[in-house]
Visitor: 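Below is the structure I would like to discuss, written out as structure tokens.
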Amino acid sequence: MKVVVVGSINLDLVVQADRFPKIGETMFGTDSKMLPGGKGANQAVAAARLGADVTMIGCVGEDAYGEIVLKNFQENMLDTSCIKKVAEPTGVAYITIAENDNSIILVQGANACVDRSLIDKYQAQILAADIVITQCEIPIETIRYLIDFCAENDVHLILNPAPTPEIAPEYLAKVTFLTPNEIEINQLFQQDAQTVLREHPNQIIMTYGAKGVRYHDREKLMEVPSYKVPVIDTTGAGDTFNAAFAVAYAKDQELEKAITFANLAASKTVQGLGAQSAMPRIEELV
Ligand code: RIB
């Protein structure tokens, strides 16, 4: 099965601490790591580990961080031929993990260079995909262009609206699936989540953290429970969810089954530190 991911590629600089610092405070952390990340890259790696044939479309800088993330893609058997090297530095995410949660500051860097020319150049790859996934750490004009291209060519597209984009509802209506969390759904639609789900049956799949996933099946609100596991780091859990959902849906087009599989995959990710380090391989989920 072919999955194309159009999106961000970052290097994550992760620090762990017992608590978040106060504004203006200097405090000791307990550990720090440099890990491959970026919502696009995470989703691409997760899909590859679940057995998909994955092509990543994105940009990295011509720098040491760019080399690290490209090497990581190769180790995870991704097709890197659609990744452009640009003069901007590779995207960097500064991540603090504390108090069972995280905070992230993202410096977009090379991700800002993912423009419509890349969509034009790699049309053939997108057209050949069973499913395309994108997120919102690349320019919104590119996302709109991709949405139009996929809609015009009947290509299944998942839009993970994170971070929340400024995008008109008519664009959102064109995607196959939209996968917001509760905050993103409220920001995008300025309505309560239940109403939005009812008005977009079988299209909006809302992730609800430990409470699971909700969508409307045209008749009733569906709730697919999450798996209860000990949580070490939630970074990348949403990315694993999106990738696993894409892979499972592309395989047999069964929504509830695909969500259950995605919840299981995400539950593995939260049990380890870092976005990609704890992403499961298909053998762990069957
Ligand atoms: O979704 C997690 C990702 O968000 C991290 O890997 C970080 O790079 C940020 O983009």
Side-chain angles (χ1 to χ4, degrees), residues 5-16 32-49 54 56-61 63 65-66 68-73 75-76 78 83 88-98 100-114 133-140 142-143 158-165 178-184 205-209 231-246 262-263 265-280:
V5 178
V6 181
S8 58
I9 304 168
N10 299 332
L11 194 82
D12 291 352
L13 300 178
V14 183
V15 61
Q16 279 180 286
S32 72
K33 286 197 167 55
M34 192 164 74
L35 299 167
K39 293 187 192 305
N42 294 342
Q43 293 176 13
V45 167
R49 291 198 188 154
V54 182
M56 177 83 213
I57 300 178
C59 291
V60 297
D63 49 24
Y65 288 177
I68 293 171
V69 294
L70 285 176
K71 184 163 173 271
N72 175 61
F73 282 147
E75 285 166 3
N76 281 281
L78 268 83
I83 296 175
E88 295 296 316
T90 300
V92 181
Y94 296 86
I95 303 180
T96 304
I97 297 170
N100 288 324
D101 217 324
N102 65 41
S103 68
I104 303 180
I105 296 178
L106 172 62
V107 181
Q108 201 180 20
N111 296 308
C113 302
V114 182
I133 322 175
T134 193
Q135 337 67 33
C136 300
E137 293 179 337
I138 57 172
I140 190 66
T142 313
I143 293 164
I158 297 176
L159 172 60
N160 174 214
T164 312
L178 187 71
T179 55
N181 62 22
E182 198 183 12
I183 295 170
E184 289 151 3
I205 313 296
M206 183 181 84
T207 55
Y208 209 42
V231 175
I232 293 190
D233 177 15
T234 58
T235 313
D239 299 328
T240 302
F241 176 87
N242 277 274
F245 174 69
N263 278 347
S267 77
K268 302 281 181 193
T269 305
V270 300
Q271 295 181 65
L273 182 71
Q276 293 178 23
S277 358
M279 280 176 176

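One-based numbering, in listed order, for ligands and for the atoms of each.
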Visitor: Would you say CD1 of Ile140 has more than 12 non-hydrogen atoms from neighbouring residues, nucleotides or ligands within 6.0 angstrom?
Guide: yes
Visitor: For Thr134, give me all partners under side-chain contact (heavy atoms from CB on, under 4.5 Å), at least two apart in sequence or on another chain.
Guide: Val6, Ile138, Ile143, Leu146, Leu157, Leu159
Visitor: Run the side-chain contact (heavy atoms from CB on, under 4.5 Å) test against Ala262 and tell me which residues pass, sequence neighbours left out.
Guide: Phe241, Ala244, Phe245
Visitor: Cys59 and Ala110: which non-hydrogen atoms are nearest, and at how many Å?
Guide: CB-O, 3.3 Å
Visitor: Between Val231 and Thr234, which heavy-atom pair has the shortest distance, and what is it?
Guide: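 Shortest heavy-atom contact: CG1-CG2, 3.7 Å.
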Visitor: Using the side-chain contact (heavy atoms from CB on, under 4.5 Å) criterion, which residues pair with Ala275? Sequence neighbours excluded.
Guide: Asp12, Asn42, Thr235
Visitor: Tell me which residues fall inside the under-4.0 Å heavy-atom shell around ligand 1.
Guide: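 Shell around ligand 1 (4.0 Å, heavy atoms): Asn10, Asp12, Gly37, Gly38, Lys39, Asn42, Ala93, Ile104, Glu137, Thr235, Gly236, Asp239, Ala275.
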